[in-house]
Amino acid sequence: GAADVFAEVGVSDDQWRTSYRVGWLQTLVRRKPGVSIEAGAADLTNAYRLSLETQRPTEPAGRLAAPASLHARAELAPIVQDRGPRRRQEATVAVWLVGVSILVLLMACANVANLLVARAIRRRREIAVRLAVGVSRGRLLTQLLSESTLLALVGGAIGVLVAQLGGGLLQGLLLPDVEWTGAALDPRVIMVTAILTVGAGVVTGLAPVRQLARIDVISHL
């Protein structure tokens, strides 16, 4: 329990409950649903100032600032954002992982787009035959975009699976002191992944669509 932890550092009995000399403890809190960050920060700031006023009688005269000149405030922020005076390891690792993920996504889109262009070139005669029998270009282009989007959705699903299975391993290597909670299956993560997946599918599908939009039916027949 907490008493055992403080006893190890020389704070006996229940002194840790009433003493202001134990200041190294760090805590994380979860905001109550429906409470805004601004309201939570204001409430926490008020509690912090009340705590300082309670501490004042136990301190030497003049050690604490007067209430009128006290500008201390509390600021709430997600742990990965960490808007403090010094960026912590968790925030730094999160920023790097986002940057690396974006670069990997862009490289994957470029590689898949090149493969789809090569496949579209091999399908020129097939596309020409379809156009010759009356299939509209719009319908063909929609089909090509659907194929690339479906491919992206499959890749996105595999990516979420890899993130879920490999997240614990990555956390153990980079952030051994942070507990892995399987965030890859969080609804917000799934929503962002779906949006990026559809966007990547459309982007990679534009290259073959542009290639086939200028196809000359007679020459390829």
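The figures here come from the full heavy-atom set of this structure, side chains too, leaving out hydrogens, waters and symmetry mates. The structure displayed is predicted, hence computed values, not measured ones.
Pairs passing the salt bridge (charged side-chain N to carboxylate O under 4.0 Å, His left out) check and including a residue from residues 191-204, sequence neighbours excluded, do not occur. For residues 147-163, every residue pair satisfying the salt bridge (charged side-chain N to carboxylate O under 4.0 Å, His left out) rule, not counting sequence neighbours, is listed here: R119-E147, R123-E147.
Going from atom CD of Q143 over to atom OG of S148 covers 11.0 Å, rounded to the nearest 0.5 Å. Here the CG atom belonging to L50 is positioned 4.5 Å from the CG atom belonging to N46, to the nearest 0.5 angstrom. Between the CG atom of L206 and the CG atom of L141 there is a distance of 10.0 Å, given to the nearest 0.5 Å. Distance check: I102 CD1 to L97 CG gives 11.5 Å after rounding to the nearest 0.5 Å. Distance CG/D43 to CZ/R31: 12.5 Å, rounded to 0.5 Å.
Residues satisfying the side-chain contact (heavy atoms from CB on, under 4.5 Å) criterion with L105, sequence neighbours excluded, are C109, A200. By the side-chain contact (heavy atoms from CB on, under 4.5 Å) test, V112 is found to be paired with L116, L151, T204, residues two or more places apart in sequence or in another chain being considered. Partners of I121 according to the side-chain contact (heavy atoms from CB on, under 4.5 Å) rule, which considers only residues two or more places apart in sequence or in another chain, are V117, R124, Q211. In this structure, the side-chain contact (heavy atoms from CB on, under 4.5 Å) partners of A132, at least two apart in sequence or on a different chain, are V217, L221.
When the options V189, T193, I195 are evaluated for a side-chain contact (heavy atoms from CB on, under 4.5 Å) with M191, the one that passes is I195.
Residue M107 is grouped with residue V100 when hydrophobic side chains (ILVMFWY) are merged at heavy-atom distances under 4.5 angstrom, including chains of intermediate members. There is a path of hydrophobic side-chain contacts, each under 4.5 Å, that joins V98 to L106. One hydrophobic cluster, built from ILVMFWY side chains closer than 4.5 Å, cannot hold both V203 and L153; they sit in different ones.
Counting all heavy atoms, side chain and backbone alike, L140 lies closest to V135 at CG-CG1, 3.8 Å.
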